[in-house]
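Residue numbers start from 1 in every chain, and the chains themselves are labelled A, B, ... in the order their sequence lines are given, proteins ahead of strands.
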Amino acid sequence: MRIDTDAIVVGAGGAALWAALELAHEGVQTAVLTKLYPTRSHTGAAQGGVCAALGNLEEDHWEWHMFDTVKGGDYLSDQDAAEVLAREAIERVIELEHMGLPFNRTPEGKIDQRRFGGHTRDFGEAPVKRACYAADRTGHMILQTLYQQCIKAGVRFYDEYHVVDLLFEGGDANEGGRAAGVVAYRIADGEIHTFRAKAVLLATGGYGRAWRITSNAYSLAGDGMALAYRRGVPLEDMEFYQFHPTGVYGIGILLSEAARGEGGTLLNRDGERFMARYAPRLMELAPRDMVSRAMYLEIRDGRGIDGKDYLFLDVSHLGRKVIEEKLPDITDFARIYLGVEPLREPVPVQPTAHYAMGGVPTDLSARVLRDETGALVPGLYAAGEAACVSVHGANRLGTNSLVDLLVFGRRAGKAMAEDVRGGTLPEIAADADEPVRAEIEALRTRAVGERPDTIRAEMTRLMDEKVGVFRDATLLSTAVERIGELRERYARVVVADRGTTFNTDLLETRELGYLLDCAQATAASALARKESRGAHSREDYPERNDAAWLAHTFAFRRDDAQPDLRYKPVSITRFEPKPRTY
Amino acid sequence: MQVDLRILRYDPERDAAPHWESYSVDAAPRDRVLNLLQSVKDLQDGSLTFRRSCAHGICGSDAMLINGRNRLACRIRVEQLGRKVSVAPLGGLPVVKDLVVEMEGFFEKYRSVMPFFVNDTPTPARERRQSAKDRERYDDTTKCILCAACTTSCPSFWAQPSYVGPAAIVQAHRFIFDSRDTAAEDRLEILADDDGVWKCRTTFNCVTACPREINVTGAILEVTRAIVARHG
Amino acid sequence: MLLRYRGGAGMLAWALHRIAGVALWLFILLHVFDIWLAAANPALYDEVLKVYASLPGRIGEALIGAALLYHALNGLRIIALDFWPRLTRYHLQLWYACWIVFFVAGIPGAYLIVAPALGLPGLKG
Amino acid sequence: MAVITRAGRGRPRSGGFELAVWYLIRLSGVALFVLALSHFSITHFVSDPAVQTSQWIFGERWGGLLWRTLDWLMLQMVVFHAFLGMRTVFTDYLRGGARTAVLMTLYLVAFLVFVLGTVAVMSMPVGLVR
Ligand SMILES: Cc1cc2nc3c(=O)[nH]c(=O)nc-3n(C[C@H](O)[C@H](O)[C@H](O)COP(=O)(O)OP(=O)(O)OC[C@H]3O[C@@H](n4cnc5c(N)ncnc54)[C@H](O)[C@@H]3O)c2cc1C
Ligand code: HEM
Ligand code: SF4
Ligand code: F3S
Ligand code: FES
């Protein structure tokens, strides 16, 4: 079936929904395609909060927020983007409140705020209360609120439509083509639909499932990134992948930084608050990359609990009231998944793969960049975790992802509305869906080959071991090589389910293909970057090297070879790079 | 340990009717039912079909009938169930395939209760104020993840699929009791419909089913009382 | 469905309430008819009465009494919940309370009803 | 024309009927709690079925106006309560034509029961003796 509309939004997480809402308010006919029911999107998992310098409890300024973002990103953040983020965060959070979001309240009835890692006053002096929150369900409330407002605005949703290809007019993105639509696979019955539009937004979230220990949902397979990458769009800064310090031991489920924001401490086997040795001022509230590295080093030096590969997060001293009122969900996770009672005992934690700083490169209006020179792909937009603006630079601060969704999701919607006005629908061939149709048919009908699970298991183990918190040339070159092999094996993969009705086997196997693409870009970009910056820590190059590496990586896909890597300078407006200490 | 897992399977392209299949699965006590299903899918039968995403009880994808009760497969540990585990799709909704049910009707009911904030008065420059007490008033029902475990555990819903169901009422409750919202009257009117709150028989299955531990019946009765009060 | 779903006490409370309600309804159909008979055809009614006074008749009446008592107590519980939704937190406790009253009042009651047919001492000897 | 609400659906049809039913069931329930339980207690604990011949009923039980009034009141409550209750039960388990037919019958039976009972309570003169 073929459907014409003005704008297409792929995904229904926070970024996508705000864009869709903006488009609806502008009266643009929009189709929102999502492979999950919107409220199942992973934005709902975000716990801790969304930062905005409201100053409801203590003095705060957007400049401080901007500074923290840039410094937290180890000066790789584009400062024009960080400025937009910090300024507009305030308006967006207020707007969310006007949409009905049930924030926690101060005694005066204002939005309550709390501390979060890396957020400081006076340019790094001391922690500041900046994270606006709704218990530890902030993401859930944002997702619900935006979806509710979309229903109110009459947004058209195509639920459980899995986008499998992007369409262009006049050649792929690298050939100067213009985005023309998407091909989507309706999960319920396997029917393929072609959607045509003047503007397409990719807001498909991250790719944390490339790792084994991860906080990410099964569905986070880098779909949007990989689909764009295959159509000639580069991927920016893929080597910067965040490991969150406090994943539930063995499973990776996240225990929010809010636990530390409220005063929770990290302990090693000697019961020592080891962060004192790594970040004496901010302690547990140092940025995530530093805390994760500190934990990794503690474990490597044999100070893990019982000498094993985990440490303790202790909140028991915070008292029942704080724990039950402000941290209800994470206490629940500890009880359910570990059988640990956080009111009394410390919780076993280990770093967990969490967030992609990199992704599809965009400008400040969420328009997708074609290459490192800043040329645009007409009609194509990206926002949210799938995109790289880049505000987060080499390391994202806690809560800044939600801010990113709100600020740049809205900007995407605004820019798209502008874009579609007056323009004509692109031309696409009647059989534009043929290539992906053929791919899917081949996968569905292939008789012999390898099951995807073994490949998936090998990939995730490989990423854990070789593309983790600490890296070096040996690890990374092995990773690059092995991922190449896995990609070859993937070309011969078979599925067990050959039906058309709700064939998750088929789609999950396709997702594995997306993950392999993202993993390859990540490993290759990491191998090339010979310095340590933010979340990218090379043991063979332990220092940051601004002279050579103050630049964004752009990885271009090549069919049977390693990606082509090129570099783009960082935008620096207010804050000159300085050593990063906390 | 070895778990004896029974799954009610159905593939419309192959089977005339749903049927039970047994699998023996190797599991650790802390494994969740979702791990068991994933293990069957990975190692025994790749065509086993179920929804899941977040794997930790916040997205609401994997509500199913486990050992006779609706629960999230990702939140119930094997050790809580014992060696015999049976899994079937949610009741009262059409089965699409295996453990996947058609959710559209459920979401349609959700949408029918105006599940969105309404306040058309001019927006202030800053946030609207709300006291912590007023915020607390509707806290419980903001937690809902639309997993449908409640509605599909309700005998009244099984009997009358037109019943709007506990989940939709919970969602309406969240706004009706929000001091900032101005459309409570409209929602009360919608829920005073024949298929509204009256069909609740206080069976409390929804409360035991809810993975978010929402006092669903309490919320329904609060709405009922508000409707009754509204009519004097 | 009811059999496939392992509902909790709440579902049981409802199922019993409904079963008792239907049973009571059936009994009332009968009862109104027999009272009408008492006026319309007293002789026939007196015959019917012998059935009520027999042992099986008395056991039946005890059961109807049980249904009435349970339905009435649980009915009050539901009404209490309806008007004070906060009580939902204690709905189980309320249900147990219903059962306590049920047995405390029901066991002697059942004895009194059945006793005469067995020649046991009752209220009227 | 149905007025469309902001939820994008027609305004509900109910004219408050279900609300009335809800109320009636509860009010009559409370009334029955007293009336039915006391009725049952009297017939079984104060008296005994064995002695409750038609003679006894019209002579003693309904010897006074008070008891007749109370029992007649109970009859009304039962008609409301039990038949509305049965209406719920039947609507739960029946669909379409069968539902309509059964409900019609139910209402008819309710009417008959009411008439029959009323006739019984009213028609017998106080202290009737054969
Ligand atoms: C456990 C956890 C806790 C977090 N806590 C915080 C926090 O406290 N503060 C903070 O700022 N950030 C937090 N983050 C990060 C943040 O939540 C995410 O980065 C952010 O929500 C991503 O939102 P998104 O809109 O980009 O995508 P998502 O919300 O991930 O949504 C992706 C959407 O894309 C759709 N989609 C994907 N592929 C396809 C396809 N092929 N076809 C159609 N649709 C598709 C999906 O259906 C989904 O709707 C947390 C993340 C995790 C994992
Ligand atoms: C005397 C004879 C009685 C009869 C024949 C009777 C019959 C019924 C029936 C058939 C129902 C419907 C059941 C259902 O919906 O599942 C019902 C419901 C109800 N009854 Fe009774 N009942 C009687 C006495 C009482 C008493 C004494 C009370 C309370 C004090 C009571 C309270 C209720 C309530 C509250 C309901 C509604 C239940 C609901 O909506 O879930 N009833 N009754
Ligand atoms: S109320 Fe509870 S059970 Fe019902 S949909 Fe919401 S979260 Fe699920
Ligand atoms: S299970 Fe159903 S009957 Fe009411 S109490 Fe819950 S909605
Ligand atoms: S998978 Fe998200 S709730 Fe279970």
Handout entry: Criterion side-chain contact (heavy atoms from CB on, under 4.5 Å) against C:W25, the qualifying member of D:V113, D:L106, D:V78
Key = D:L106
Exercise for the section: Enter the distance from C:I79:CD1 to D:I25:CD1 here, rounded to the nearest 0.5 Å. Expected result: 9.5 Å
Handout entry: Heavy-atom closest contact (D:I57 atom, C:A38 atom, distance)
Key = CD1-CB, 4.2 Å
Problem - Pairwise distance CG(C:L26) to CE(D:M86) - rounded to 0.5 angstrom - result: 6.5 Å
Problem - Exceeds 12 heavy-atom contacts within 6.0 angstrom, atom CH2 of D:W72 - result: no
Handout entry: Neighbour count >12 (heavy atoms, 6.0 Å) for atom OH, C:Y111
Key = yes
Exercise for the section: Please state whether the side chain, the backbone, both or neither of D:D92 comes within less than 4.5 Å of a heavy atom of chain C. Expected result: side chain
Completion exercise
Between the CG atom in C:L69 and the CZ atom in D:F33, the distance rounded to the nearest 0.5 Å is 7.5 Å
Problem - Under 4.5 Å from any heavy atom of chain C - which part of D:L116 - result: both
Handout entry: Interface residues of residues 29-37 of chain C facing chain D - heavy atom cut-off under 4.5 Å
Key = C:L29, C:H31, C:V32, C:F33, C:I35, C:W36
Practice task
Might you confirm whether atom CZ of D:F83 has over 12 heavy atoms from other residues, nucleotides or ligands at distances under 6.0 Å?
Solution key: yes
Problem - Nearest non-hydrogen partners of C:L49 and D:A50, listed with the distance - result: CD2-O, 4.3 Å
Exercise for the section: Would you sort out whether D:T53 and C:D46 count as a side chain to side chain donor-acceptor pair (under 3.5 Å), showing the intermediate values? Expected result: CA-CA 6 Å; D:T53 57; C:D46 290 346; 4.8 Å; no
Handout entry: Inter-residue atom distance C:Y45.OH - D:Q52.CD, 0.5 Å rounding
Key = 6.5 Å
Handout entry: Heavy-atom side-chain contact between D:V89 and C:R18 under 4.5 Å
Key = yes
Practice task
If the plane angle is over 60° it's perpendicular, under 30° parallel, otherwise tilted; pick one for D:W22 and C:F83.
Solution key: tilted
Practice task
Tell me, for D:L112 versus chain C, whether the close heavy atoms (under 4.5 Å) come from the side chain, the backbone, both or neither.
Solution key: neither
Practice task
Would you list the pairs meeting ring-ring contact (aromatic ring centres under 6.0 Å, His included) in which at least one residue belongs to residues 95-123 of chain D, sequence neighbours left out?
Solution key: none
Exercise for the section: Quick one: pull up CD1 in C:I28 and CE in D:M74 and give me the separation to the nearest 0.5 Å. Expected result: 7.0 Å
